[in-house]
Novice: 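The structure under discussion is supplied below as structure tokens; questions concerning it will follow.
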Amino acid sequence: MYTKHKWSSEQWHNFNYVVNLPKDYDESKRYPLVFFLHGAGERGDDLEVACTHGYMRYVREQNAEYPFLFVAPQCPGWDYWGCYTESLLHFIDYICDTYPVDKDRVILTGLSMGGTGTWMLAMADPDRFACLVPVCGSGIVWNAKRLANLPIRIYHGDDDPIVPFEESVVMLRELTRANADVKLTICYGAGHNAWEVAYQDKELIDWMMAQKRKG
């Protein structure tokens, strides 16, 4: 079951957010955290809209259960995740202190605008995360080497009319040059909906659950 919340902070942006607890949740255990950044179409102040795509879609429509704690903040309308980098990092700290999170297993993922946000947020503090899963986001090639020590799985449709497929290709190329553990899954024939492949990929869940922060 998922619940809706609002983070109250005097210093940082106060996000509305959704929490979905793991299957067989036990407060005495520590769980991986999947921190999700939605796309541009889900901005605003309606958390149901923020749950339109990704894992929350399957929680809502199919009562899907997952082995991780899932948290999804909502970006204000007409803004972008890059406007809130510091606030997001402090919000993750708040989540890790509030819920039984294994801080060595914080997984960052997002789609479209949130895919771009995944790249940006990880570049701001790469040592915080266990792995990244950017889905059909715009790359930030000039700073890609900053992520060289992070395991990364990228998903992108080869027929994407909104965020060109090449955005992920150039990130793959630059990260490969930096000897990163990176893989691009090409969603053949997909447009701007690679998330329908990514978030139904059971192998991706198994891979995410196997990752642990280095050092």
Side-chain angles (χ1 to χ4, degrees), residues 1-22 31-57 59-60 66 68-140 142-144 146-147 150 152 162-163 167 195 198-199 208 213:
M1 176 179 291
Y2 68 97
T3 53
K4 302 174 184 178
H5 307 267
K6 186 178 183 67
W7 181 40
S8 296
S9 168
E10 294 182 358
Q11 186 173 2
W12 309 106
H13 178 75
N14 293 181
F15 293 106
N16 296 320
Y17 66 100
V18 169
V19 174
N20 189 64
L21 299 178
Y31 292 94
L33 168 65
V34 171
F35 192 79
F36 172 74
L37 302 177
H38 63 67
E42 292 80 66
R43 292 174 293 187
D45 56 9
D46 182 350
L47 280 170
E48 288 298 312
V49 174
C51 298
T52 301
H53 302 298
Y55 292 118
M56 284 307 303
R57 171 187 173 186
V59 170
R60 294 171 68 205
Y66 297 104
F68 48 78
L69 180 73
F70 180 89
V71 172
Q74 187 169 33
C75 185
W78 309 113
D79 280 345
Y80 297 89
W81 289 119
C83 301
Y84 300 101
T85 299
E86 286 188 276
S87 291
L88 286 167
L89 292 173
H90 285 277
F91 177 55
I92 292 173
D93 287 337
Y94 166 78
I95 293 297
C96 290
D97 291 338
T98 304
Y99 294 91
V101 173
D102 182 343
K103 294 181 181 180
D104 288 327
R105 301 174 71 193
V106 177
I107 297 146
L108 178 60
T109 185
L111 60 87
S112 191
M113 181 186 81
T116 304
T118 296
W119 290 123
M120 295 179 69
L121 190 59
M123 287 173 181
D125 192 355
D127 294 334
R128 177 183 296 261
F129 301 105
C131 62
L132 306 180
V133 184
V135 180
C136 60
S138 298
I140 306 167
W142 61 269
N143 208 23
R146 188 161 171 77
L147 304 178
L150 274 173
I152 302 171
I162 306 298
V163 180
E167 291 286 337
W195 52 81
Y199 298 120
M208 291 191 301
R213 181 169 58 171

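In this text, all values refer to a predicted model and were calculated from it rather than measured experimentally.
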Novice: Check salt bridge (Lys or Arg N to Asp or Glu O under 4.0 Å) between R146 and all other residues, then give those that pass, not counting sequence neighbours.
Specialist: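 With sequence neighbours excluded, R146 shows a salt bridge (Lys or Arg N to Asp or Glu O under 4.0 Å) to no residue whatsoever.
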
Novice: Indicate the atoms forming the closest heavy-atom contact of S138 with T116, along with that distance.
Specialist: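 Heavy atoms only, the tightest pair is N-OG1, 2.8 Å.
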
Novice: Hey, mind stepping through Y31 and L21 against side chain to side chain contact (heavy atoms under 4.5 Å, CB included) and telling me if it holds?
Specialist: CA-CA 9 Å; Y31 292 94; L21 299 178; over 6 Å; no

Novice: To check you understand the geometry: which heavy-atom pair defines the closest contact between C131 and L150, and what is its length?
Specialist: N-CD2, 4.1 Å

Novice: With S8, which residues qualify under side chain to side chain donor-acceptor pair (under 3.5 Å), at least two apart?
Specialist: none

Novice: Are any non-hydrogen side-chain atoms of F35 and I92 less than 4.5 angstrom apart?
Specialist: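 Of all side-chain heavy-atom pairs linking I92 with F35, at least one is under 4.5 Å.
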
Novice: Is there any salt bridge (charged side-chain N to carboxylate O under 4.0 Å, His left out) pair reaching into residues 79-91, and which pairs are they, with sequence neighbours excluded?
Specialist: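 Counting only pairs at least two positions apart or across chains, no salt bridge (charged side-chain N to carboxylate O under 4.0 Å, His left out) contact touches residues 79-91.
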
Novice: Hey, what do you get for CG (L37) to OG1 (T118), rounding to the nearest 0.5 Å?
Specialist: 5.0 Å

Novice: Partners of A40 by side-chain contact (heavy atoms from CB on, under 4.5 Å), sequence neighbours excluded?
Specialist: R43, M113

Novice: Listed by chain and number, what are the side chain to side chain donor-acceptor pair (under 3.5 Å) partners of H90, not counting sequence neighbours?
Specialist: none

Novice: Of all the heavy-atom pairs spanning L69 and V101, show the shortest one and how long it is.
Specialist: CD2-CG2, 3.6 Å

Novice: Would you say that Y17 contacts I95 through its side chain, given a criterion of any heavy-atom pair below 4.5 Å between the two side chains?
Specialist: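 Yes, at least one pair of side-chain atoms sits under 4.5 Å.
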
Novice: Measuring only between side-chain heavy atoms, which start at C-beta, is V59 closer than 4.5 Å to Y66?
Specialist: yes

Novice: Q74 versus H38: any side-chain heavy-atom pair under 4.5 Å?
Specialist: yes

Novice: What heavy-atom pair brings G115 and P134 nearest, and what distance separates the two atoms?
Specialist: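 Looking at all heavy atoms of both residues, the shortest contact is O-CB, 3.9 Å.
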
Novice: Who pairs with H13 by ring pair (Phe, Tyr, Trp, His ring centres under 6.0 Å), at least two apart in sequence or on another chain?
Specialist: F15, Y84

Novice: Do you know the tightest heavy-atom contact between C96 and L33?
Specialist: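 For C96 versus L33, the nearest heavy atoms are SG-CD2, 4.3 Å.
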
Novice: Nearest 0.5 Å, what's the CG-CE distance between N20 and M56?
Specialist: 5.0 Å

Novice: Nearest 0.5 Å please: distance from the CG atom of N143 over to the CE atom of M123.
Specialist: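 Here the rounded value is 5.0 Å.
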
Novice: Can you name the residues that form a side chain to side chain donor-acceptor pair (under 3.5 Å) with W81, not counting sequence neighbours?
Specialist: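 So W81 forms no side chain to side chain donor-acceptor pair (under 3.5 Å) with any residue.
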
Novice: Under 6.0 Å between ring centres: does that hold for Y55 and F36?
Specialist: no

Novice: My understanding is that only one of L147, L121, L132 makes a side chain to side chain contact (heavy atoms under 4.5 Å, CB included) with P126; could you say which?
Specialist: L147

Novice: Could you tell me which residues satisfy salt bridge (Lys or Arg N to Asp or Glu O under 4.0 Å) with D125, sequence neighbours excluded, listed by chain and number?
Specialist: R128

Novice: Kindly state each residue pair satisfying ring-ring contact (aromatic ring centres under 6.0 Å, His included) with at least one member in residues 92-132, sequence neighbours excluded.
Specialist: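 Sorted pair list: W7-Y94.
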
Novice: Counting N and O atoms only, with roles assigned by atom type, does the side chain of E167 sit under 3.5 Å from a partner on the main chain of G139, one being a donor and the other an acceptor?
Specialist: yes

Novice: Identify all side-chain donor-acceptor contacts of residues 102-112 below 3.5 Å with residues at least two apart in sequence or on another chain.
Specialist:
residue	atom	partner	partner atom	Å
D102	OD1	D104	N	3.0
K103	NZ	D97	OD1	3.2
D104	OD1	R213	NE	3.0
D104	OD1	R213	NH2	2.8
R105	NH2	M209	O	2.6
T109	OG1	V133	O	2.6
T109	OG1	Y199	OH	2.7
S112	OG	H192	NE2	2.7

Novice: Specify the closest pair of heavy atoms between N14 and S9, including all atoms of both residues, with the distance to one decimal.
Specialist: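 Looking at all heavy atoms of both residues, the closest pair is ND2-O, 2.8 Å.
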
